[in-house]
Novice: 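My structure is below; once you've seen it, I'll send some questions.
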Amino acid sequence: MLLDESGFCEAHIKQQRKRTDDRRGSAADRGYGGRWQKARLTFLSRKPLCVECAKADRVELATIVDHVIPHKGDQDLFWDTSNWQSLCKKHHDQKTAREDGGFGRIKA
């Protein structure tokens with residue numbers, strides 16, 4: 001049996017994602033709908049490189065627009081582009097784990 005990075009096998013990953021969405025709300029419920037997708041693509045086209053990789057003199061394309069200060073539902077902070085940064089997946093995952101215990105889990 002193969003497990004993905006979440007620790008779930010292919011047969012159970014969909015169930016786990018549904019439980020997570022039921023608890024947190026879907027991405028669209030949390031504000032990451034069509035308007036966000038358009039805004040993030042525009043932002044990444046203007047700032048295409050990961051800011052953390054750049055600090056280490058590495059060039060890596062960013063795939064995620066991150067909120068520097070977690071918005072926690074505050075729509076003003078959510079849409080404040082001065083609070084956005086371009087990150088690669090690796091650096092976004094590391095930041096998420098540091099800030100909230102990782103991927104939607106509450107930090108102990």
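All of these numbers come straight from a predicted model, not from anything done at the bench. Positions are given from 1, in the same order as the sequence printed here.
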Novice: Any donor-acceptor pair under 3.5 Å linking the side chain of Asn83 with the backbone of Ile69?
Specialist: yes
Novice: If I take atom CD from residue Gln85 and atom CD from residue Glu52, how far apart are they, to the nearest 0.5 angstrom?
Specialist: 6.0 Å
Novice: Same cluster for Leu49 and Leu87 if Ile/Leu/Val/Met/Phe/Trp/Tyr side chains link at under 4.5 Å?
Specialist: no
Novice: Any idea which heavy atoms bring Asp74 and Asp76 closest together, and the distance?
Specialist: OD1-N, 2.9 Å
Novice: Would you confirm whether Arg40, through its side chain, and Thr63, through its main-chain N or O, come within 3.5 Å as a donor-acceptor pair?
Specialist: yes
Novice: Rounded to the nearest 0.5 Å, how far apart are CG of Leu44 and CG of Leu61?
Specialist: 9.5 Å
Novice: Minimum heavy-atom separation for Cys50 to Cys88, with atom names?
Specialist: SG-N, 3.4 Å
Novice: Check the angle between the aromatic planes of Trp36 and His67 and answer parallel, tilted or perpendicular using the 30° and 60° thresholds.
Specialist: parallel
Novice: Answer yes or no: is there a side-chain heavy-atom contact under 4.5 Å between Trp84 and Lys47?
Specialist: no
Novice: Report yes if the side chains of Lys55 and His91 come closer than 4.5 Å at any heavy-atom pair, otherwise no.
Specialist: no
Novice: Please report the closest heavy-atom contact between Thr81 and Phe43, naming both atoms and the distance.
Specialist: O-CE1, 4.2 Å
Novice: For the residue pair Ile64 and Lys89, what are the closest heavy atoms and their distance?
Specialist: CD1-CA, 3.8 Å
Novice: Where is the tightest heavy-atom contact between Leu77 and Pro70, given as atom of each residue plus distance?
Specialist: CD2-O, 3.6 Å
